[in-house]
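The structure presented is a predicted model; accordingly, all values stated were derived computationally and were not measured.
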Amino acid sequence: MSSTDKPLIDKQVIEEACEWSIMHGVAFKNSDGTARHCPFSIAPMAMKHHVFQHIMKVTPLLTKLISRVSEDHQFLQSSLTEMAKADQFFERLMAIHQEIHGIDGEQIFPARQPLLLMRTDYMDDRQQGAKVIEFNGIAAGMGPFGQRITQLHQFMKNQWPEVYTDWVEDPASHVADNFCLEQLAEAIAHAARKVKAEFDVSGQPTFLMVVQRGEDNVYDQHLLEVALQGLGVRTLRRTFDQLASELYTGENKRLMLKGIGAIDLVYLRAGYQHIDYFAPALGEDICCQTLSQTRAFIEQHNVALNATISQQLATSKTMQMILTMMPEQAFSRWGFSLDEVRLMKSVLAEMLPVNKETIDWFSSRADKTAWVLKNQGEGGGHCVFGEEITERLNQLTPAEYEAWALMQRLFPHERERPTLAVRNGEITQIDDLISEIGLFTAYFNGRPVGGSDEVAGYLVRSKPAKENEGGIHSGQGILDSITLTG
């Protein structure tokens, strides 16, 4: 990335783009309560139409797969027990899963109704084509931002057409529609109404979002809330700390919240890391017991829930590796044809377990630049690259192996033209931008919401090719959108 003192575009253009961003909620909350715009590109990336159509076709199949795996509790336990022993956080998740579903995977508390709002992240590798980076089954956020940045680029095209044409990758391409905010809100409202209808009571369905303490990504969440309110859904926000003393059981296993009443749907934007359950004020002998039990309590009630413990386990890196390595015939367990399996396999990048054999192979013969080492963590900072992989592998004890996996490193197409990144009101020209495309899908009780296997919008995050961390929060990532070409 290279900066320049010479203005690349008029200052007014940047000011108006940043103001549009803040006005439309594409922002993070500062510690003093003010807001700053999210980093964004000034114009969209271009993607080959056939590549986009391919991932649009395969993503609903992958969602169906994860939906079925997540409800195959015996398979989850038999497949992930060793990984859970190597990862303290997943050990806790597995313990909750066994508490809810029994040691052998039988359904002890069948009340909760799973709502799978999944984001499947891809990169379009130069040689291999589009491949899955990861499945996100819990706290899969920024869908509202995905739609808003598409709208921001449309604003740029209409308001500043010459600037847009100068920086868009392919001026002849057309925008890929993105109604992610509306589609996710419709899916959530559908599930909330279904649960409420079972109890034959009047009034608005009630949606509860579980959030992190001191959350700065509140505007993405509030955009979703506003859309839900427009659909007649009441919205609430609580942390696990608050819920630990506010939840109770109503008639017919309804989930109740003190001072509010019945809850129809719980949506977790917290719970994917240990710190979300950490409550030092409780003085627990066993870390995180109380707040993680609050999550277990929710699952034991008749409520729509995203994400269930099962969904979180099913979208772990280890499960992604298991599915990648699994023989095609084994997928018949979940009712898939060989043609469907081959389509899914076409986008699953090679993965390998970490053990003595793979460590020896990697240290002596592997191309160090062709792999990435991943643990089970969500968000940025959980991947190791290049020569640092050997160092990290040699630091691991055998008891830690199962918590890690090697994955083929993807090298996506770089943009053919430079682009401008806008961060904190300042512009930077980037000559080697690459992109990660996340496609959203929605399943409720094992079926696509609305009966249609359509993708519910997308999120694009781009970064300089030489940067390893591309998160909007944690790295050099910027929000982006897609135009289709060819």
(request) Please answer whether the main-chain N or O of Pro60 pairs with a side-chain N or O of Thr441 as donor and acceptor at a distance below 3.5 Å. (result) no
(request) Report yes or no: do Gln183 and Gln147 form a side-chain donor-acceptor pair below 3.5 Å? (result) no
(message) Determine whether a donor-acceptor pair (N or O, by modelled atom type, separation under 3.5 Å) exists between the side chain of Thr59 and the backbone of Met56.
(response) no
(message) Which heavy atom of Ala140 sits nearest to which heavy atom of Leu117, and what is that distance?
(response) CB-O, 3.9 Å
(message) Go through it in stages, so that I can follow the logic: the residues are Arg36 and Asp216, the test is side chain to side chain contact (heavy atoms under 4.5 Å, CB included), and I'd like the CA-CA distance, side-chain angles, deciding distance and then a yes or no.
(response) CA-CA 10 Å; Arg36 67 188 188 279; Asp216 69 343; 3.9 Å; yes
(message) Whether the Thr318 and Gln376 side chains hold a donor-acceptor pair (N or O, under 3.5 Å, no angle test) is what I'd like checked.
(response) yes
(request) Flag yes if more than 12 heavy atoms outside Asp200 fall under 6.0 Å of its CG atom; otherwise flag no. (result) no
(message) I want to check something: taking the side chain as every heavy atom from C-beta on, are His301 and Phe297 in contact at a cut-off of under 4.5 Å?
(response) yes
(request) Show your reasoning for whether side chain to side chain contact (heavy atoms under 4.5 Å, CB included) applies to Gln311 and Ile138. (result) CA-CA 7 Å; Gln311 290 168 350; Ile138 179 170; over 6 Å; no
(request) Could I get the full list of salt bridge (charged side-chain N to carboxylate O under 4.0 Å, His left out) partners for Glu340, not counting sequence neighbours? (result) none
(request) For residues Met321 and Lys374, determine if any side-chain heavy atom of one lies less than 4.5 Å from a side-chain heavy atom of the other. (result) no
(request) Of all the heavy-atom pairs spanning Ala314 and Met319, show the shortest one and how long it is. (result) O-CG, 3.2 Å
(request) Please say whether more than 12 non-hydrogen atoms of neighbouring residues, nucleotides or ligands are located less than 6.0 Å from CD in Gln154. (result) yes
(message) Within the structure provided, determine whether Gln77 and His97 are in side-chain contact (heavy-atom separation under 4.5 Å).
(response) yes
(message) Test your reading of the model: is there a side-chain donor-acceptor pair from Tyr458 to the backbone of Cys180, 3.5 Å cut-off?
(response) no
(message) Check whether Gln300 reaches the backbone of Ala111 with its side chain - one donor and one acceptor, N or O, closer than 3.5 Å.
(response) no
(message) Please find the pair of heavy atoms, one from Arg269 and one from Asp220, that lie closest to each other, and give the distance.
(response) NH2-OD2, 3.0 Å
(message) Show the nearest heavy-atom pair for residues Gly146 and Asn178, with the distance to one decimal.
(response) O-ND2, 2.9 Å
(message) Contact between Lys29 and Glu215 at the side-chain level, heavy atoms closer than 4.5 Å - yes or no?
(response) no
(message) Tell me whether Arg254 forms a cation-pi arrangement with Phe199, defined as NZ or CZ under 6.0 Å from the six-membered ring centre and within 45 degrees of its axis.
(response) yes
(message) Given 3.5 Å as the limit, does a donor-acceptor pair link the side chain of Ser67 with the main chain of Thr63, or not?
(response) no
(request) Would you indicate whether Glu198, at its atom CD, is surrounded by more than 12 heavy atoms from other residues, nucleotides or ligands within a distance under 6.0 Å? (result) yes
(request) Give, for atom CG of Leu80 and atom CZ of Phe75, the distance between the pair rounded to the nearest 0.5 Å. (result) 7.5 Å
(message) Test: side chain to side chain donor-acceptor pair (under 3.5 Å). Region: residues 203-214. Which pairs qualify, not counting sequence neighbours?
(response) Gln212-Tyr272, Gln212-Asp276, Arg213-Asp241
(message) Has Asn424 got a side-chain atom pairing as donor or acceptor with Glu426's backbone, closer than 3.5 angstrom?
(response) no
(message) Between Arg119 and Gly141 (side chain of the first, backbone of the second, donor and acceptor by atom type, cut-off under 3.5 Å), is there such a pair?
(response) yes
(request) For side chain to side chain donor-acceptor pair (under 3.5 Å), just list the numbers for Gln293 and Glu99, CA-CA rounded to whole Å, side-chain angles, deciding distance to a tenth of an Å, and then say yes or no. (result) CA-CA 10 Å; Gln293 281 301 118; Glu99 177 183 340; 3.1 Å; yes
(request) Without swapping roles, check the side chain of Thr428 against the backbone of Ala421 for a donor-acceptor pair under 3.5 Å. (result) no
(message) Return the CG to CE distance between Leu76 and Met94, rounded to the nearest 0.5 Å.
(response) 7.0 Å
(message) Cation-pi check for Phe336 against Arg68: NZ or CZ below 6.0 Å from the six-membered ring centre and within 45 degrees of the axis, yes or no?
(response) yes
(message) Measuring from atom CD1 of Ile133 to atom OH of Tyr122, what distance do you get when rounded to the nearest 0.5 angstrom?
(response) 11.0 Å
(request) Considering non-hydrogen atoms only, spot the tightest contact between Ile188 and Leu265 and give its length. (result) O-CD1, 3.4 Å
(request) Report yes if the side chains of Thr235 and Gln229 come closer than 4.5 Å at any heavy-atom pair, otherwise no. (result) yes
(request) Starting at CG of Leu268, measure out to CG of Leu208 and round the result to the nearest 0.5 Å. (result) 8.5 Å
(message) Are more than 12 heavy atoms, taken from residues, nucleotides or ligands other than Gln395, located less than 6.0 Å from that residue's CD atom?
(response) yes
(message) If I take atom NZ from residue Lys196 and atom OG from residue Ser202, how far apart are they, to the nearest 0.5 angstrom?
(response) 7.0 Å
(message) My understanding is that only residues two or more places apart in sequence, or in another chain, count here; which of them pass side-chain contact (heavy atoms from CB on, under 4.5 Å) with Leu282?
(response) Ala279, Glu284, Thr290
(request) Kindly indicate, with the supporting measurements, whether the criterion side chain to side chain contact (heavy atoms under 4.5 Å, CB included) is fulfilled by Leu257 and Arg238. (result) CA-CA 10 Å; Leu257 183 65; Arg238 297 289 191 277; 4.0 Å; yes
(message) Could you measure the distance from the CG atom of Leu406 to the CE atom of Met351? Nearest 0.5 Å is fine.
(response) 8.5 Å
(request) Could you check if a side-chain atom of Val26 sits within less than 4.5 angstrom of a side-chain atom of Leu152, using non-hydrogen atoms only? (result) no
(message) Would you say CD of Glu400 has more than 12 non-hydrogen atoms from neighbouring residues, nucleotides or ligands within 6.0 angstrom?
(response) yes
(request) Given side chain to side chain contact (heavy atoms under 4.5 Å, CB included), test Gln113 with Asn302 step by step and report yes or no. (result) CA-CA 7 Å; Gln113 301 188 42; Asn302 193 347; 2.8 Å; yes
(message) Quick one, Glu246 with Lys258, criterion salt bridge (charged side-chain N to carboxylate O under 4.0 Å, His left out). Give me CA distance, side-chain angles, the key distance, then yes/no.
(response) CA-CA 5 Å; Glu246 293 181 2; Lys258 288 181 181 177; over 6 Å; no
(message) Just by distance, no angles: are the side chains of Asn136 and Asp121 close enough, under 3.5 Å, to form a donor-acceptor pair?
(response) yes
(request) In plain terms, say whether Glu299 and Arg112 are close enough for a salt bridge, that is, a side-chain N and a carboxylate O under 4.0 Å apart. (result) yes
(request) Report yes or no: does Arg92 contribute a side-chain atom to a donor-acceptor pair with the main-chain N or O of Ser292 at less than 3.5 Å? (result) no
(request) Would you check if the side chain of Gln242 reaches a backbone N or O of Thr239 as a donor-acceptor pair within less than 3.5 Å? (result) yes
(request) Could you tell me which residues satisfy salt bridge (charged side-chain N to carboxylate O under 4.0 Å, His left out) with Lys57, sequence neighbours excluded, listed by chain and number? (result) none
(request) Please examine the side chains of Tyr443 and Ile66, heavy atoms only from C-beta on, and report whether any two atoms are closer than 4.5 Å. (result) no
(message) Just to verify, what does His37 make a ring-ring contact (aromatic ring centres under 6.0 Å, His included) with, not counting sequence neighbours?
(response) Phe40
(message) Can you confirm whether Arg392 is buried at CZ, in the sense that more than 12 heavy atoms of other residues, nucleotides or ligands lie under 6.0 Å from that atom?
(response) no
(request) Kindly indicate whether the side chain of Ile263, heavy atoms from C-beta on, has any atom under 4.5 Å from the side chain of Leu236. (result) yes
(request) Kindly write out the residues that satisfy side chain to side chain donor-acceptor pair (under 3.5 Å) with Gln408, not counting sequence neighbours, or none if the list is empty. (result) none
(request) Heavy atoms only: give me the nearest Met83-Ala403 pair and the separation to one decimal. (result) CG-CA, 4.4 Å
